[in-house]
Every structure is written in structure tokens, then in C-alpha cells.
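Okay, so here's the structure we're looking at.
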Amino acid sequence: MPIELEKNYNPGETESKIYQLWEESGFFNPNNLPERHQKPYTIIMPPPNANGHLHAGHALTMTLEDIMIRFKRMQGFKTLWVPGADHAGFETQVVYEKKLEKEGRSRFKMDRRQLYDEILTFTLENKKHMENEVRRMGSSCDWSREKFTLDQDIVRQTQETFKKMFDDGLIYRGPGMVNWCTKHQTSLSNVETEDIEKEDTLYYLKYGPLTVATVRPETMFGDVAVAVNPKDERYRQYVGQTIEVQTPIGPMKLPVIADESVEKEFGTGALKITPAHDANDFALALRHNLPIRPVIDQFGKLTAETAKYAGLKIAEARKQVAEDLQNLGLIQKTEPYKHAVPTCYKCGTVIEPRILVQWFVKMKSLADQALQAVKDKKVSFVSEHFERVFTYWMEHPIDWNISRQIVWGIPIPAKVCTSCNYGAPDLENTAHTCPRCNSPLQQDTDTFDTWFSSGQWPYLVLGYPESPDFKTCYPTTVMETGRDLIFKWVPRMIMFGLYRTGAEPFQTVYLHGLVNDAQGKKMSKSKGNVVNPLDLIEKFGTDALRMGLIVGNTPGMDTTLSEDKIKGYKNFANKLWNIARFVLMSIPDSSDFLNATPTSDDRKLLDDLTALAADITIDMEQFRFYMAAEKIYHYVWHTFADKILEDSKARLASEDSTVKASAQRTLVEILSNSIKLLHPFMPFVTEELWSKLPLPDKRLLMIETWPQ
RNA sequence: GGGCGCAUAGCUCAGCUGGUUAGAGCGUUGCAUUCACAUUGCAAAGGUCCCUGGUUCGAAUCCAGGUGCGCCCACCA
């Protein structure tokens with residue numbers, strides 16, 4: 001009996017069944033692939049944060065990487081796609097703190113150990129959801145190799161990198177300027193702050209014989225100098241002098257110094273120097289050997305140094321100080337002033353620059369090596385312009401603060417002195433006394449910036465240095481991730497990879513753009529336009545969602561996700577289903593017809609498809625998935641269904657058995673090749689239909705050969 | 001202030017190294033329908049390819065300038 005298909009394709013039922021079939025087949029694991037699969041092709045999945053659900057961007061990541069992997073697997077590569085989960089230090093802790101807040105609790109009143117354990121439980125719970133959602137996307141990744149950033153071996157290697165970098169002089173212990181979030185009580189790296197435009201007042205303050213311009217009069221108590229440009233004739237006579245400055249809490253004496261960094265044109269050309277609370281002033285203070293005088297504490301309140309202002313929060317203090325200065329006649333004038341201020345990217349609190357004794361990575365030499373690797377084309381970017389963006393970043397490296405004052409993360413394996421600034425790695429827990437001052441040492445309670453571990457991800461997940469996976473699969477083939485990670489993650493992976501393994505971590509970087517809403521607007525919780533990929537899967541099926549994400553989506557460019565578009569691909573899945581239904585209804589029980597000689601007309605149809613397959617293969621090789629997908633879609637619907645299939649109806653009814661058998665054979669062959677070409681994009685419906693085709697020696701479609 | 005990108009049909013976007021009549025999806029309009037599929041088919045309407053200049057036999061495509069928009073970075077306090 002011919003195989004009968006249901007009238008319509010039902011994605012829901014099919015998808016869970018098929019994924020289970022794949023997973024049980026073992027073919028996600030390259031070790032189980034048939035003999036022909038020899039040459040490695042490896043992708044390390046950017047580990048999604050294990051603190052919530054997949055979003056549209058993840059859905060795009062999974063789709064693109066799965067397309068690459070499935071295509072290469074069919075071509076005969078030994079494909080490995082390693083899934084992972086990121087503990088996402090600060091991000092997760094923020095999520096958990098919000099949860100605590102709702103429960104009326106606070107991390108600051110909790111025992112460190114308890115807080116850690118609670119977040120761990122929370123994370124492991126969410127990690128399961130995340131993993132199931134990765135499966136729902138159809139991802140053919142090797143779950144047997146899944147890694148979590150807090151796995152013991154990962155933690156151990158991360159800590160060893162820290163020690164090695166310290167020994168090599170690439171990591172040093174501050175004091176250094178850090179971005180301090182007064183709400184979250186931790187320092188943040190430069191990529192964890194977000195500049196926002198702010199309207200402030202620019203105050204012109206009388207500083208003895210000079211006038212300085214500032215938006216932060218409350219920091220005047222921390223001033224240690226006034227700086228002018230050495231070429232500024234107006235102030236030349238004061239350079240080297242000490243001036244007496246009136247303040248609401250009494251006079252202070254400040255030296256006047258000359259420094260090139262001072263702009264003559266801005267304000268009055270004279271700049272108050274507050275090294276404890278301004279990154280530029282700190283750099284300038286280092287150049288001129290100036291003292292550092294902190295007047296703001298970790299909670300953003302003024303310190304005892306400021307006498308009557310002590311305990312006031314910055315905003316309140318600013319108001320008070322300005323008012324008092326006004327009354328003393330020390331404000332010459334004020335003007336409105338628009339500028340960008342860095343804020344905590346999670347809570348929007350204005351960052352307070354502070355000088356703290358913490359760990360920093362020296363970026364210059366690492367960045368130079370990364371730059372060279374890219375120049376030498378050891379790493380190339382899909383969409384070449386990303387190379388320019390990357391180069392710009394690597395030419396302007398800033399030392400990287402890797403200490404976080406949060407519990408959720410990999411502990412920094414170091415001992416720090418209780419009385420001086422000494423600190424050093426101590427992985428084996430053997431150091432107890434400070435070699436500098438003999439004071440007791442204590443375990444550093446800080447954890448690593450999460451990018452410090454995820455930056456090492458490619459070689460860590462492959463089991464560097466000893467594992468066979470590392471030896472055969474590193475450098476990996478492609479790193480596919482979001483465009484915004486060109487400066488957060490990609491450079492760190494290249495730098496760490498080159499430093500620790502001596503080789504670049506991947507050969508090609510494919511960056512995708514943002515997934516925006518149907519109107520092209522960025523999705524955000526506050527706008528309420530966030531689209532949940534799981535909802536779309538429920539509604540239209542995974543295959544339809546994948547096509548909707550891929551077609552028309554060029555590398556690096558943002559894309560829009562609209563239900564109408566996805567609906568169109570749901571219809572397409574059904575169209576394909578019905579093509580197969582028709583073909584299966586048109587062929588006899590016996591499979592003799594498969595050996596029929598095609599008529600010359602049919603031969604032409606088969607040759608056309610071969611040519612198309614070759615064309616599509618080139619698109620796939622060159623990462624033009626948006627185009628390959630559209631081409632096969634167009635062929636299946638508007639050539640195969642609308643023309644070939646319609647034309648075949650007469651021949652299928654032919655009395656001439658040669659003509660009839662040729663038509664049958666041709667239809668089956670075109671169908672099976674179309675299904676193969678579509679498989680990377682629409683894996684579920686194609687695998688299901690493949691199972692229905694009356695072909696000899698059939699295996700799972702996922703390991704079938706790509707059409708030549 | 002610097003960097004990167006974008007501007008093509010009503011909407012969202014393709015158009016790779018310059019080459020007949022500029023394409024797709026959705027939307028719109030008309031017609032069809034006991035057929036594998038109404039989750040369908042056939043057909044139609046719809047474009048100053050942002051503007052100006054240049055290179056070329058030939059420009060949506062390459063170059064220069066302009067305009068508008070988006071993103072990222074930045075120490076003029």
C-alpha cells in the first residue's frame with residue numbers, strides 16, 4: 001500500500017518525536033558518525049545565560065549554527081557543536097537580587113555561602129529550561145559534551161590562567177580606577193556601563209585668583225590641584241604656585257600645575273583635579289605624583305573629610321554645596337550643560353569612579369597579538385567591515401578590571417594582605433603571611449568578571465590542554481554570535497586563546513545583527529514588544545520560525561521578526577508536506593520505477609535541480625544562508641509545485657509506461673533532493689517526510705549526503 | 001568629537017565581483033476552485049533604486065560631496 005500522509009502538516013507532534021529520534025541516534029556526537037565523516041568542523045555554542053529563557057536573539061543563534069552544522073554534517077564533515085551554559089556572574093546575581101527584593105530580603109543581610117547556594121539552585125533550575133528551549137529550536141548539538149562555566153575543570157583552568165597571567169606580568173593588583181555601582185556594591189568593567197545623556201549644571205567656581213568649571217562641586221573637598229594647559233598664556237604666571245581656595249568648610253591650599261590634557265577652550269581653561277573620583281584626574285595625578293583624597297564612600301555618600309556634608313548622598317550634597325558656595329559669593333556663574341555620564345547597565349545608577357585595590361589585566365600586548373592574528377587572516381570576519389570595528393577596539397585597549405564584589409562567580413584564587421596592598425595568586429592555599437609587611441593574609445573574597453571565564457570558553461570546553469577534542473578540534477572552525485559581542489566577547493576569546501594555547505580560537509567569526517520587532521524597533525521589556533520564540537514555535541512550528549529568522553537576514557544586519565512572515569513559512573511547510581503527499585499518492589507500491597530511465601524532458605528537470613544545488617552549495621559555503629534559503633524555497637514552491645508537478649499530472653496519467661515511470665522517478669528524485677537542500681533550514685518537516693519516502697538504504701536524513 | 005553602518009514597491013528587506021525588461025515575502029485588486037494543498041492556483045496594479053557631480057560603451061551597484069536615519073565608542077571637566 002502506498003504511504004498515506006495526513007492532509008496537513010502538524011509541527012507540534014512531529015517535532016518532539018523527531019528530536020528524540022535524532023538524540024537517540026547518537027549522531028549529534030561526532031564520534032558516532034559514519035566512516036565517511038573525517039574532517040573536523042567545530043562550532044562552540046555561545047553559552048546562553050543559565051538564568052532565564054531563550055530570547056529571539058538566541059533563536060537566531062541556534063538557527064544559524066544548526067544550519068552550518070547540518071549542512072557540513074551532510075557534506076561529510078565530522079561535525080561537533082558544543083552546547084554550554086553561562087553562570088553569567090553579575091547578570092544572574094542581579095536577576096536573583098530582584099527576586100530577593102520582591103521577597104523583602106537583601107543580599108547584604110545574607111551569609112555569603114547561603115546566597116551562593118541559593119543562586120546555584122536558582123541557576124541550575126533555569127539551566128534546564130534553557131536547555132529544553134535549545135532542543136525545541138532543533139539544535140543538533142552534542143549534549144554529551146555540554147559544559148557549564150562553573151564546572152570544576154573550567155573553574156580550575158580559569159584560575160590557572162589567572163596565575164599564569166600574574167606570573168607573566170599581565171595581571172597586576174591595583175590601586176586602579178574602577179567603575180563603582182553604588183547600588184550593586186561592585187566594580188564593573190567598561191563594557192558593563194552604559195553612557196546616558198544627562199542635563200546638568202556647569203558651575204564656574206572661584207578658586208582663589210582662578211575660576212574653574214565643574215559639574216561636581218561636591219567633590220571640591222577631594223581636590224589636590226588645579227591644572228591648566230602649559231601653552232595657556234592666561235595662567236602661565238600661576239603654574240608652580242600654590243593658591244588658597246575658599247570652601248564652605250574652610251580654606252584649602254592647591255598647587256597649580258600644567259598638563260597637556262587640559263583643554264584651553266573648555267570652561268575657563270582651568271581644571272580642578274579630584275583624582276579619587278575622576279578617571280582623568282587620576283591619570284593626571286599619577287603623572288604629577290599628586291596625593292589622592294577620597295571624599296565619597298562606597299554608598300555614594302560624602303565622607304567625614306567633608307565635615308558638615310558627611311553622610312549626604314551625592315545629589316543632595318551637590319545641592320547643598322552649591323547653595324553654600326552661592327552664599328559665600330564663590331559661584332561666578334552657572335550654565336546648563338549636556339553631557340554623557342556612565343551608568344550601571346543593569347540599574348541605571350550613575351557610576352561613581354573610585355580608586356580601589358583590585359585585579360587588572362594589562363591589555364596592550366594581548367591586544368597587539370590579537371590585532372596581528374586578524375591582520376594575518378588567521379581569524380576572518382564574515383562581513384569584512386567587522387574587521388575594521390575589531391581593529392579600532394584593539395588599537396584602543398583599556399586595562400581591564402576583573403574583580404567583582406559579588407559571590408556568584410568563579411572565586412579569584414588569591415591571598416590579599418590585611419594591611420598593605422599586597423596580593424598574589426595562591427591556588428594551593430599555602431600562603432598565610434604577607435611577604436611585604438608580615439601581616440596575616442586572607443582569601444580574596446572577590447570573583448572574576450564573567451567575561452574572564454567566557455573569554456576562555458573555546459579551549460576550556462574542548463578540555464585544554466590534554467583532551468583529544470582539544471587536539472583535533474582546536475582552533476575551531478566558526479564562532480557565530482551577536483554583533484554586539486564584537487567588543488565584549490570576541491576580542492577576549494582571541495586574546496586569551498592566543499595567550500594560553502598559542503593559537504587563535506576560531507578561524508571565522510560570523511556575526512548576526514539584532515532581532516527587532518515587526519516594525520524594526522528594538523525589542524525591550526519596557527516597550528512591551530518582546531517576542532518570545534517559544535510562543536512562535538507553538539503557533540507556527542520551529543521550521544517556520546527558523547525560516548522566518550533566516551530569509552532576508554544578511555550577516556551583521558539587524559532583522560525584523562514578524563508573525564506574518566513566519567506564518568508564510570508555516571504555509572510553506574504545509575506546501576512541502578502536500579507536495580510529498582501528492583508524490584506518494586502518484587507512485588506504485590513496488591519501487592521498480594526508481595530505476596526507470598528519465599525521458600529527455602525529465603532529464604532536463606533533474607539537471608536543472610543539480611545546477612541549483614550547486615549554486616545553493618556555493619551560497620552555503622560563503623555564509624549566504626539568507627539567499628540559499630530563499631532559492632530553495634522559491635524552487636520548491638514556484639518551480640517544483642507550480643510547474644513541474646502540475647505538468648506531471650498528464651504524464652502520470654499516460655498509457656505509455658515509460659513516460660509514466662519516468663515521471664514517477666523524476667518526481668521522487670526532485671522531492672528527495674529538495675528535502676535534502678531544505679534540511680539545514682527546516683530540519684523537522686524534512687526529516688519526517690524523508691522517513692516516508694520509498695528509497696532503498698535509507699538512513700536518517702541528518703546524515704544523508706548533500707546533493708552534488 | 002571619533003568610528004561603523006543604512007537609505008531600493010504601501011510595509012520588511014534581497015540584489016555577491018557594474019551588463020537585457022530592478023526582485024522576494026507580506027499587503028492590495030480581479031478571476032478561478034469537486035484537483036496534493038483555501039495554509040491553494042492564475043493574473044494585475046505598484047519603483048525618480050535619497051540628492052548632486054564624476055568614472056564607464058553601460059551605474060541601484062564603483063568614486064567624491066551633500067542630506068536624512070540608526071548603532072557604537074570618547075577623559076572638553
Side-chain angles (χ1 to χ4, degrees), chain A residues 4-9 177 190-191 194-195 200 202-205 212-216 219 226-227 229 261-274 277-284 337 339-340 342 353 383 385-393 395-396 398 483-484 486-488 513-514 516-522 540-541 544 547-548 551-554 556-586 618-619 622-624 626-627 629-631 633-634 637-638 641-642 645-646 648-649 667:
Chain A
E4 288 246 12
L5 295 183
E6 297 288 319
K7 206 169 169 187
N8 291 314
Y9 172 56
M177 182 56 79
N190 286 45
V191 299
E194 191 181 328
D195 288 353
D200 275 318
L202 188 62
Y203 298 89
Y204 286 75
L205 307 183
V212 299
T214 181
V215 291
R216 303 195 63 183
T219 63
V226 172
N229 190 290
S261 70
V262 181
E263 292 284 332
K264 288 199 289 188
E265 310 304 324
F266 188 87
T268 61
L271 172 63
K272 73 194 243 343
I273 300 301
T274 323
H277 301 290
D278 184 284
N280 304 312
D281 292 5
F282 177 60
L284 189 144
Y337 182 59
H339 63 151
S383 247
H385 81 264
F386 283 119
E387 189 174 320
R388 288 198 289 276
V389 179
F390 177 87
T391 301
Y392 180 82
W393 270 86
E395 284 172 347
H396 301 86
I398 305 167
R483 181 191 72 178
D484 50 325
I486 178 77
F487 60 94
K488 286 180 180 162
L514 255 53
N516 293 322
D517 74 3
Q519 279 71 46
K521 297 271 186 294
K522 192 172 170 172
F540 305 108
M547 283 295 274
V551 176
N553 185 358
T554 47
M557 296 291 294
D558 291 352
T559 188
T560 53
L561 190 58
S562 76
E563 291 212 357
D564 282 343
K565 187 175 174 188
I566 299 165
K567 194 171 138 200
Y569 293 111
K570 178 182 159 65
N571 294 351
F572 177 61
N574 193 58
K575 186 77 186 179
L576 182 69
W577 183 266
N578 274 285
I579 289 169
R581 185 163 182 253
F582 174 81
V583 172
L584 291 172
M585 285 168 75
S586 310
I618 293 170
D619 286 335
Q622 302 188 356
F623 299 97
R624 289 192 298 263
Y626 61 100
M627 194 171 272
E630 193 173 326
K631 279 177 185 165
Y633 166 89
H634 205 261
W637 200 316
H638 300 296
D642 291 351
L645 208 136
E646 288 303 326
S648 77
K649 286 177 181 173
L667 287 180

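Letters A, B, ... mirror the listed sequences (proteins, then strands); counts begin at 1.
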Reckon [X] has a side-chain N or O less than 4.0 Å from the OP1 or OP2 of [N]?
X      : N     : result
A:Y9   : B:C37 : no
A:R388 : B:G5  : yes
A:H638 : B:G23 : no
A:S562 : B:U12 : no

Given [options], the nucleotide with the shortest approach to the side chain of [X]:
X      : options             : result
A:T560 : B:C13, B:G25, B:A36 : B:C13
A:M627 : B:A36, B:G3, B:A14  : B:A14
A:H385 : B:C37, B:G5, B:G41  : B:G5
A:N571 : B:U40, B:G5, B:C37  : B:U40
A:K7   : B:C37, B:A36, B:C76 : B:C37
A:E630 : B:G3, B:C42, B:A24  : B:A24
A:F487 : B:A36, B:C72, B:C37 : B:C72
A:E263 : B:C73, B:C4, B:C76  : B:C76
A:F582 : B:A36, B:A14, B:G2  : B:A36
A:A340 : B:A74, B:G25, B:C4  : B:A74

#### Entry: Nucleotide pairing, RNA chain B (Watson-Crick or G-U, distances under 3.5 Å), in dot-bracket with [ ] and |
(((((((..((((.....[...)))).(((((.......))))).....(((((..]....))))))))))))....

Taking any heavy-atom pair under 4.0 Å as a contact, classify [X]: base, sugar-phosphate, or nothing.
X      : value
A:G269 : base
A:R624 : base
A:D564 : sugar-phosphate
A:T274 : nothing
A:D278 : nothing
A:W577 : nothing
A:G552 : sugar-phosphate
A:Y626 : sugar-phosphate
A:K567 : nothing
A:H277 : nothing
A:A279 : nothing

Whole angstrom is fine here: how far is it from [atom1] in [X] over to [atom2] in [N]?
X      : N     : atom1 : atom2 : answer
A:M557 : B:G70 : CE    : P     : 15 Å
A:N280 : B:G1  : CG    : P     : 19 Å
A:F572 : B:U40 : CZ    : C1'   : 15 Å
A:I486 : B:C72 : CD1   : C1'   : 11 Å
A:D558 : B:A7  : CG    : C1'   : 15 Å
A:L514 : B:C4  : CG    : P     : 20 Å
A:Y569 : B:U12 : OH    : P     : 16 Å
A:E563 : B:G25 : CD    : C1'   : 16 Å

### Query
Sequence neighbours excluded, which residues qualify as salt bridge (Lys or Arg N to Asp or Glu O under 4.0 Å) partners of A:D517?
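Partners of A:D517 under the salt bridge (Lys or Arg N to Asp or Glu O under 4.0 Å) test: none.
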
### Task
Can you establish whether the number of heavy atoms outside A:K264 located under 6.0 Å from its atom NZ is more than 12?
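Yes, NZ of A:K264 has more than 12 neighbouring heavy atoms, counting only those of other groups under 6.0 Å.
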
### Query
Do A:K575 side-chain and B:C37 base share a donor-acceptor contact under 3.5 Å?
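Side chain to base: pair found, below 3.5 Å.
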
#### Entry: Side chain A:E646 and base B:A36 donor-acceptor under 3.5 Å
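Looking at the base of B:A36, it does pair with a donor or acceptor on the side chain of A:E646 (distance under 3.5 Å).
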
### Query
Can you find a heavy atom in the side chain of A:S648 that is under 4.5 Å from one in the side chain of A:L667?
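Side-chain contact under 4.5 Å: yes.
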
### Query
Do A:E563 and A:F540 come within less than 4.5 Å of each other through their side chains, counting heavy atoms only?
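Contact flag for A:E563/A:F540 side chains = yes.
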
### Query
Between A:K522 and A:A213, which has a closest nucleotide on RNA chain B that is more 5'?
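Comparing both residues, the 5'-ward one is A:K522.
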
### Message
By nearest heavy atom, map A:D195 and A:I579 onto RNA chain B; which one lands nearer the 5' end?
### Response
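Of the two residues, A:I579 wins.
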
### From CA spacing to verdict: side chain to side chain donor-acceptor pair (under 3.5 Å), A:K565, A:T560
CA-CA 9 Å; A:K565 187 175 174 188; A:T560 53; 5.5 Å; no

### Task
Give the ring-plane orientation class for A:F572 versus A:Y569, where under 30° counts as parallel, over 60° as perpendicular and anything between as tilted.
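Because their plane-to-plane angle is over 60°, the rings of A:F572 and A:Y569 count as perpendicular.
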
### Query
So A:F487 and A:W393, would you call those rings parallel, tilted or perpendicular, with 30° and 60° as cut-offs?
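Correct class here is parallel.
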
[M] and [N], which share atom name [atom1], separated by this distance in whole Å:
N     : M     : atom1 : value
B:U28 : B:G2  : C1'   : 46 Å
B:A45 : B:G10 : C1'   : 12 Å
B:A14 : B:U56 : P     : 31 Å

### Message
Keeping A:N574 on the side-chain end and A:Y9 on the backbone end, is there a donor-acceptor pair under 3.5 Å?
### Response
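Confirmed, A:N574 side chain pairs with A:Y9 backbone.
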
### Query
Quick one: do A:R483 and A:D558 make a salt bridge, cutoff under 4.0 Å?
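Yes.
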
### Task
Grab the two heavy atoms, one from A:V262 and one from A:N229, that are nearest each other, plus how far apart they are.
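Scanning both residues, the minimum pair turns out to be O-ND2, 2.8 Å.
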
### Query
Does NZ or CZ of A:K631 lie under 6.0 Å from the centre of the six-membered ring of A:Y626, at an angle within 45° of the ring axis?
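That pair does not qualify as a cation-pi contact.
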
